[in-house]
Trainee: 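Here you go, one structure.
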Amino acid sequence: MKELTIGANDAGQRLDRFLAKAVPLLPASLAQKYIRLKRIKLGGARVQRDTRLREGDVLQLYINDEFFEKPREDNAFLTVASPKLNIVYEDENILLVDKRPGLAVHPHDGAEYGRTLIDHIQAYLYQKREWRPREENAFTPALCNRIDRNTGGIVIAAKTAEALRVMNQKIKDRELDKRYLAIVEGTPKPREGSLQGYLFKDARQNRVFVTDKPQPGAKSCRTDYRVLATRNGLSLVECELITGRTHQIRAQFAHAGHPLLGDGKYGKLDKRFDRNYQALYSYKLTFRFTTDAGALGYLDGRSFRVEDVDFVREYFPETVIK
């Protein structure tokens, strides 16, 4: 419990507005809950959120010490009162989450602290008391893979240090099979094939470029695909990343003359269709371990998928994805 004495400069404020400034990591909705549960008191008695504070008032705050720290990237999860996650699978080691398009996975993707996927995951585990930051020396729940802000799909989060180590190694060794769904303009020929080339990244422009021949600094890239359905000048394709380069699927299909629907960076925003982001989804994940997986061995051979992909439902409603 901490006590705060109201000084002359804080007098006259409503309690809820004072708390927002004095304890910035405490979400407004959680502060209201704590007031209702009498975990926030004034002079030892129940208080209302719209109570006007007076000089000399003493507040008693029965809340966790973490909330009194200064806001930083590593404690942004505390600002998430109600984590919003679409959980595909969860056990004691990992969490598979269906990230919706528009949500950044980390703050450095241009999102504010407290508004990213990792913030919601950490808040979820913290509120379940599966993760207790003050009892850990170094470990925090972390993401094992990333997905672009405007791409949707399955993201893997590790709940333990061992799970993070093993999963990162499995991803590096390509022992995970990740499949994507995309809608492209036109119909790729052949209907089942492979896009191969060389990709190099221009960090200044935050985009990549694909060429057919080797270039200095370029890395080989390959995407296998098969057309699942065609309709109204569009094709629904399933893609498998053989290499995992930045923006690979988007850039390779654009280079092949079949830009992704809604991709304003590598294609064009077709005015016939109402989309604000690329039609691309990492919808299926299969663990195919070829070496020892330690504590995660039980996942070998298991497959997980997202059942509802919005652009499939909208543009190819009669197509059944197997």
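Values below: all heavy atoms of this structure, side chains included; hydrogens, waters and symmetry mates excluded.
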Trainee: Between Thr291 and Lys170, do the side chains contain a donor N or O and an acceptor N or O under 3.5 Å apart?
Mentor: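 Short answer, yes.
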Trainee: Does the Glu314 side chain pair with the main chain of Phe311, one donor and one acceptor, at a distance under 3.5 Å?
Mentor: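 The answer is no, because no donor-acceptor pair under 3.5 Å joins these two groups.
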Trainee: For residues 2-27, pull every pair meeting salt bridge (charged side-chain N to carboxylate O under 4.0 Å, His left out), keeping only residues two or more places apart or in separate chains.
Mentor: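 Qualifying pairs, neighbours excluded: Arg14-Asp16.
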Trainee: Check whether Leu236 and Tyr225 end up in the same hydrophobic cluster, where Ile, Leu, Val, Met, Phe, Trp and Tyr are linked by side-chain heavy atoms less than 4.5 Å apart.
Mentor: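 Different clusters: Leu236 never reaches Tyr225 through Ile, Leu, Val, Met, Phe, Trp or Tyr contacts under 4.5 Å.
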Trainee: Please give me the minimum heavy-atom distance between Pro101 and Asn150, naming the atom from each residue.
Mentor: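 Looking at all heavy atoms of both residues, the closest pair is CB-O, 3.8 Å.
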Trainee: Looking at Gln278, His255, His247, which hits side chain to side chain donor-acceptor pair (under 3.5 Å) with Tyr266?
Mentor: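 By the side chain to side chain donor-acceptor pair (under 3.5 Å) criterion, Tyr266 pairs with just one of Gln278, His255, His247: His247.
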Trainee: Would you say the side-chain atoms of Lys99 pair up with the backbone N or O of Asp148, donor to acceptor, closer than 3.5 Å?
Mentor: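 Yes; judged by distance alone, with no hydrogens or angles, the pair exists.
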Trainee: For atom NZ of Lys128, decide whether the heavy atoms of other residues, nucleotides or ligands shown that lie under 6.0 angstrom number more than 12.
Mentor: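 Counting other residues, nucleotides and ligands, NZ of Lys128 exceeds 12 neighbours.
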Trainee: Examine distances only and state if a side-chain atom of His120 and a backbone atom of Leu85 form a donor-acceptor pair shorter than 3.5 Å.
Mentor: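 No, because the side chain of His120 does not come within donor-acceptor range (under 3.5 Å) of the backbone of Leu85.
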Trainee: Distance-only, no hydrogens or angles: does the Asp91 side chain make a donor-acceptor pair with backbone N or O of Ile94 under 3.5 Å?
Mentor: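 Here the side-chain-to-backbone pair exists.
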Trainee: Shortest non-hydrogen contact from His258 to Pro188?
Mentor: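 For His258 and Pro188, the tightest heavy-atom pair comes out as NE2-CA, 3.6 Å.
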Trainee: Given the rule in the salt bridge (Lys or Arg N to Asp or Glu O under 4.0 Å) test, do Asp74 and Arg72 qualify, once you have shown the distances and angles that lead to the verdict?
Mentor: CA-CA 5 Å; Asp74 63 351; Arg72 305 183 305 272; 2.9 Å; yes
Trainee: Is the backbone N or O of Val155 less than 3.5 Å from a side-chain atom of Asn145, with the two atoms forming a donor-acceptor pair by type?
Mentor: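 Checking the backbone N and O of Val155 against the side chain of Asn145, no donor-acceptor pair under 3.5 Å is found.
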Trainee: For Phe304, enumerate each residue passing the ring pair (Phe, Tyr, Trp, His ring centres under 6.0 Å) test, keeping only those at least two apart in sequence or located in another chain.
Mentor: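 Phe304 satisfies ring pair (Phe, Tyr, Trp, His ring centres under 6.0 Å) with Tyr89 only.
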Trainee: Are a donor atom and an acceptor atom from the side chains of Asp310 and Tyr315 found within less than 3.5 Å of each other?
Mentor: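 There is no such pair between these side chains.
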Trainee: With distance as the sole criterion, is a donor-acceptor pair present between the side chains of Ser235 and Thr187 under 3.5 Å?
Mentor: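 Yes - a donor-acceptor pair under 3.5 Å links their side chains.
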Trainee: Flag the pair Thr116 / Val105 as yes when at least one side-chain heavy-atom distance between them is below 4.5 Å, and no otherwise.
Mentor: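 Side chain of Thr116 against side chain of Val105, heavy atoms only: no contact under 4.5 Å found.
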Trainee: With side chains defined as the heavy atoms from C-beta onward, is the minimum distance between Ile154 and Val306 less than 4.5 Å?
Mentor: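 Sidechains of Val306 and Ile154: in contact.
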Trainee: Can you check whether Tyr126 reaches Val80 side chain to side chain, under 4.5 Å on heavy atoms?
Mentor: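 No, side chains not in contact.
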Trainee: Taking Thr290's backbone N and O only, do any of them form a donor-acceptor pair with Glu175's side chain (distance below 3.5 Å, no angle check)?
Mentor: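 Checked: pair present.
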Trainee: Using a 4.5 Å cut-off between side-chain heavy atoms of Ile, Leu, Val, Met, Phe, Trp and Tyr, which other residues end up in the same hydrophobic cluster as Phe139?
Mentor: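 Result for Phe139 is Leu164.
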Trainee: Classify the side-chain pair Tyr281/Arg100 by whether it contains a donor and acceptor separated by less than 3.5 Å.
Mentor: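 Side chains of Tyr281 and Arg100: pair found under 3.5 Å.
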Trainee: Work out which heavy atom in Ile35 is nearest to a heavy atom in Val47; give both atom names and the distance.
Mentor: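 Heavy atoms only, the tightest pair is CG2-O, 3.1 Å.
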Trainee: Quick one about Glu307 and Tyr283 (side-chain donor to acceptor, distance below 3.5 Å, no hydrogens or angles considered), yes or no?
Mentor: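 Result is no, nothing qualifies.
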Trainee: Could you name each residue pair satisfying side-chain hydrogen bond (donor to acceptor under 3.5 Å, both in side chains) that touches residues 24-36, not counting sequence neighbours?
Mentor: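 Listed once each, the pairs are Gln32-Arg49.
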Trainee: Would you name the heavy atoms of Arg305 and Val88 that are closest together and state the gap between them?
Mentor: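 Of all heavy-atom pairs spanning Arg305 and Val88, the closest is O-CG1, 3.9 Å.
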Trainee: For the CZ atom of Arg39 and the CD1 atom of Ile63, what is their distance to the nearest 0.5 Å?
Mentor: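 Result: 8.0 Å between the selected atoms.
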Trainee: So, using salt bridge (charged side-chain N to carboxylate O under 4.0 Å, His left out) as the criterion, who are the partners of Arg302 when residues are at least two apart?
Mentor: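 Salt bridge (charged side-chain N to carboxylate O under 4.0 Å, His left out) check on Arg302 returns nothing, list empty.
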Trainee: Is there a donor-acceptor contact under 3.5 Å linking the side chains of Tyr298 and Asn93?
Mentor: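 Yes - a donor-acceptor pair under 3.5 Å links their side chains.
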Trainee: What is the minimum heavy-atom distance between Gly153 and Ile147, and which atoms define it?
Mentor: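 Answer, listing the atom of Gly153 first, then Ile147: C-CD1, 3.6 Å.
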Trainee: Applying a strict under-4.5 Å side-chain criterion to I, L, V, M, F, W and Y, I'd like to know whether Leu260 and Val312 cluster together.
Mentor: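 No, Leu260 does not connect to Val312 through the hydrophobic network.
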Trainee: Taking salt bridge (charged side-chain N to carboxylate O under 4.0 Å, His left out) as the definition, give me every residue that meets it alongside Asp308, ordered by chain and number, with sequence neighbours left out.
Mentor: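 Testing Asp308 for salt bridge (charged side-chain N to carboxylate O under 4.0 Å, His left out), a comparison that skips the adjacent residues, returns Arg313.
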Trainee: Could you check whether Ser220 and Gln196, counting side-chain N and O atoms only, form a donor-acceptor pair closer than 3.5 Å?
Mentor: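 Gln196 vs Ser220: no donor-acceptor pair found between side chains.
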Trainee: Please examine the side chains of Leu234 and Glu185, heavy atoms only from C-beta on, and report whether any two atoms are closer than 4.5 Å.
Mentor: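 Yes; the side chains approach each other to less than 4.5 Å.
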Trainee: Does Glu92 have any salt bridge (charged side-chain N to carboxylate O under 4.0 Å, His left out) partners at least two apart in sequence or in another chain, and if so, which?
Mentor: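 So Glu92 forms no salt bridge (charged side-chain N to carboxylate O under 4.0 Å, His left out) with any residue.
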Trainee: Could you tell me whether the side chain of Leu199 reaches within less than 4.5 Å of the side chain of Arg245, counting heavy atoms only?
Mentor: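 In contact.
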Trainee: Kindly work out whether a path of hydrophobic side-chain contacts (I/L/V/M/F/W/Y, heavy atoms less than 4.5 Å apart) joins Leu103 to Leu280.
Mentor: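 The answer is no; the residues belong to distinct hydrophobic clusters.
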Trainee: Where do Thr211 and Gln215 come nearest, in terms of heavy atoms and distance?
Mentor: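 Between these two residues, the closest heavy atoms are OG1-CG, 3.4 Å.
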Trainee: Looking at side-chain heavy atoms only, is the closest gap between Glu69 and Leu25 below 4.5 Å?
Mentor: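 Yes, side chains in contact.
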Trainee: Is the number of heavy atoms from other residues, nucleotides or ligands within 6.0 Å of CG (Asn9) greater than 12?
Mentor: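 No, the 6.0 Å shell around CG holds no more than 12 heavy atoms from other groups.
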Trainee: Evaluate the side-chain proximity of Lys41 to Arg46: yes if any heavy-atom separation is below 4.5 Å, no if none is.
Mentor: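 When only atoms from C-beta onward are counted, Lys41 and Arg46 do not touch, as no gap falls below 4.5 Å.
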Trainee: Donor-acceptor pair, distance only, cut-off 3.5 Å: does the side chain of Thr5 make one with the backbone of Val58?
Mentor: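 A pair under 3.5 Å: no.
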Trainee: Name all residues meeting the ring pair (Phe, Tyr, Trp, His ring centres under 6.0 Å) criterion together with Tyr277; count only those two or more places apart in sequence or in a different chain, and write none if there are none.
Mentor: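 Testing Tyr277 for ring pair (Phe, Tyr, Trp, His ring centres under 6.0 Å), a comparison that skips the adjacent residues, returns none.
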Trainee: Taking the six-membered ring for Trp, are Phe289 and Phe287 ring centroids under 6.0 Å apart?
Mentor: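 Ring-ring flag for Phe289/Phe287: true, centres closer than 6.0 Å.
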Trainee: Return each pair, listed once, that meets salt bridge (charged side-chain N to carboxylate O under 4.0 Å, His left out) where at least one residue sits in residues 194-207; pairs must be two or more places apart or across chains.
Mentor: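 The answer is none; no pair qualifies.
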Trainee: Same cluster or not: are Leu30 and Tyr124 linked, directly or through other Ile, Leu, Val, Met, Phe, Trp or Tyr residues, by side-chain heavy atoms under 4.5 angstrom apart?
Mentor: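 They do share one cluster, since a chain of ILVMFWY contacts under 4.5 Å joins Leu30 to Tyr124.
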Trainee: Could you tell me whether the side chains of Thr223 and Glu240 share a donor-acceptor contact shorter than 3.5 Å?
Mentor: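 Note: Thr223 and Glu240 side chains miss the donor-acceptor criterion.
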Trainee: If the condition is ring pair (Phe, Tyr, Trp, His ring centres under 6.0 Å), which residues does Phe18 pass it with, not counting sequence neighbours?
Mentor: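 Residues passing ring pair (Phe, Tyr, Trp, His ring centres under 6.0 Å) with Phe18: none at all.
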Trainee: Indicate yes or no: does Lys284 engage Asp177 in a salt bridge with an N to O separation below 4.0 Å.
Mentor: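 Judged by the 4.0 Å cut-off on N to carboxylate O distance, Lys284 and Asp177 do not form a salt bridge.
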Trainee: With distance as the sole test, does Asp119 use its side chain to make a donor-acceptor pair with the main-chain N or O of Arg115 at under 3.5 Å?
Mentor: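 Answer holds: yes.
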Trainee: Does the side chain to side chain contact (heavy atoms under 4.5 Å, CB included) test come out yes or no for Phe77 and Ile121, once each step is laid out?
Mentor: CA-CA 8 Å; Phe77 69 92; Ile121 288 174; over 6 Å; no
Trainee: Hey, any chance Val184 and Val227 share a hydrophobic cluster, counting ILVMFWY side chains that come within less than 4.5 Å of each other, even indirectly?
Mentor: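 Yes, Val184 and Val227 fall within the same hydrophobic cluster.
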Trainee: Which ILVMFWY residues are connected to Met1, directly or by a chain of links, through side-chain heavy atoms under 4.5 Å apart?
Mentor: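 Besides Met1, the cluster holds Tyr62.
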Trainee: Within the 4.5 Å heavy-atom criterion, are Gln60 and Ile40 side-chain neighbours or not?
Mentor: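 Result no, sub-4.5 Å side-chain heavy-atom pair not found.
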Trainee: Has Gln248 got a side-chain atom pairing as donor or acceptor with Arg222's backbone, closer than 3.5 angstrom?
Mentor: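 A pair under 3.5 Å: yes.
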Trainee: Sequence neighbours left out, what pairs pass salt bridge (charged side-chain N to carboxylate O under 4.0 Å, His left out) with at least one residue falling in residues 76-85?
Mentor: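 Residue pairs with at least one partner in residues 76-85: there are none.
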Trainee: So does Pro141 get a backbone contact from the side chain of Gln122, meaning a donor-acceptor N/O pair under 3.5 Å?
Mentor: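 At least one qualifying donor-acceptor pair exists.
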